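Report on the following structure.
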Amino acid sequence: MKMIVFMTVALVCHFSASAHGDQPPPNEPPQLWRASVTEQDGKVVIQIARPKYEAPRKAVSAEAMKWHNLRQVRLGQFVRAYDVDGKRLESKAVLKALRQPKGVAVFVRFYRPLIEPDPFYLAMLRQGTIVFVVAADAIADPIP
């Protein structure tokens, strides 16, 4: 009897795992960083910052972290903005939402063209979160 139950459970697990295993995994997950925007010469300029340990790093229970500004980018050139429903945001909506620094989700893309954020990850974000898709080489130098 135990053997029949074991075989049944094994078969169900095998078929459910293989059904989900046929789908490719989603692209890279988003980074949860901070951003703010300004308007310069009619263009929306985005300042993205990521957390970074303060140097020198010491082994303590609560290490000091600071926001490290990456290169500024112009909206539409090397970065696109979306809402959590996957709809592209216009520059006015981005300006309104990020006048003050705020937490954002950033999909860093190491290849072009920039592909849209994966719905798998968008479903995990709350309404009102601004989502950026940005070219990696636009915000930081490549690692040698």
Side-chain angles (χ1 to χ4, degrees), residues 5-144:
V5 171
F6 175 75
M7 292 299 288
T8 304
V9 170
L11 284 172
V12 168
C13 290
H14 171 73
F15 286 116
S16 66
S18 64
H20 295 294
D22 293 341
Q23 298 175 0
N27 291 306
E28 296 88 8
Q31 302 295 317
L32 301 178
W33 290 346
R34 185 177 81 162
S36 62
V37 298
T38 57
E39 191 171 12
Q40 298 174 1
D41 299 327
K43 307 280 184 183
V44 175
V45 178
I46 302 167
Q47 177 65 68
I48 298 173
R50 65 177 181 84
K52 186 176 180 181
Y53 286 105
E54 193 176 66
R57 187 171 177 185
K58 298 177 183 177
V60 294
S61 58
E63 297 190 48
M65 294 190 67
K66 292 194 174 197
W67 289 110
H68 171 71
N69 287 333
L70 302 171
R71 276 193 216 134
Q72 292 183 346
V73 288
R74 284 196 325 233
L75 185 64
Q77 186 178 17
F78 297 112
V79 63
R80 295 180 185 158
Y82 297 87
D83 63 13
V84 294
D85 296 325
K87 296 177 187 165
R88 252 176 110 171
L89 295 175
E90 294 182 18
S91 57
K92 289 181 183 180
V94 177
L95 272 169
K96 182 179 178 186
L98 296 175
R99 285 270 182 214
Q100 297 295 320
K102 184 178 174 184
V104 295
V106 181
F107 288 88
V108 179
R109 300 293 192 220
F110 295 93
Y111 42 82
R112 302 235 173 100
L114 298 176
I115 59 172
E116 295 179 351
D118 196 295
F120 176 81
Y121 297 116
L122 291 178
M124 295 180 203
L125 302 171
R126 74 176 177 187
Q127 287 294 328
T129 302
I130 302 295
V131 178
F132 290 120
V133 175
V134 63
D137 59 346
I139 57 173
D141 292 326
I143 299 172

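Quantities reported herein were computed from a predicted structural model and do not represent experimental measurements.
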### Message
Using every non-hydrogen atom in the two residues, find where T129 and A105 come nearest and quote the distance to one decimal.
### Response
CG2-N, 4.2 Å
### Task
Let me see the working for I139 and F132 under side-chain contact (heavy atoms from CB on, under 4.5 Å), right down to the final yes or no.
CA-CA 12 Å; I139 57 173; F132 290 120; over 6 Å; no
Sequence neighbours excluded and cut-off under 3.5 Å, please list the side-chain donor-acceptor pairs for residues 38-49, or say none.
unit_1, atom_1, unit_2, atom_2, d
Q47, OE1, Q72, NE2, 3.2
Q47, NE2, L70, O, 2.6

### Task
Using the test side-chain contact (heavy atoms from CB on, under 4.5 Å), find all partners of I115 that sit at least two apart in sequence or belong to another chain.
N27, R109, Y111
### Message
For P101, give me all partners under side-chain contact (heavy atoms from CB on, under 4.5 Å), at least two apart in sequence or on another chain.
### Response
R34, S36
### Message
Once side-chain contact (heavy atoms from CB on, under 4.5 Å) is applied, do any residues pair with P51, and if so which ones, sequence neighbours excluded?
### Response
W33, M65, W67
Enumerate donor-acceptor pairs with a distance under 3.5 Å from any side-chain N or O in residues 75-92 to protein atoms, sequence neighbours excluded.
unit_1, atom_1, unit_2, atom_2, d
Q77, OE1, R74, NH2, 3.3
R80, NH1, L114, O, 2.9
D83, OD1, D85, N, 3.0
D83, OD1, G86, N, 3.1
D83, OD1, K87, N, 2.9

### Query
Would the number of heavy atoms belonging to other residues, nucleotides or ligands and lying under 6.0 Å from CD of E116 be above 12?
no
### Query
Who pairs with A136 by side-chain contact (heavy atoms from CB on, under 4.5 Å), at least two apart in sequence or on another chain?
V108, F110
### Closest contact, heavy atoms only, P30 versus Y121
CD-CG, 3.7 Å
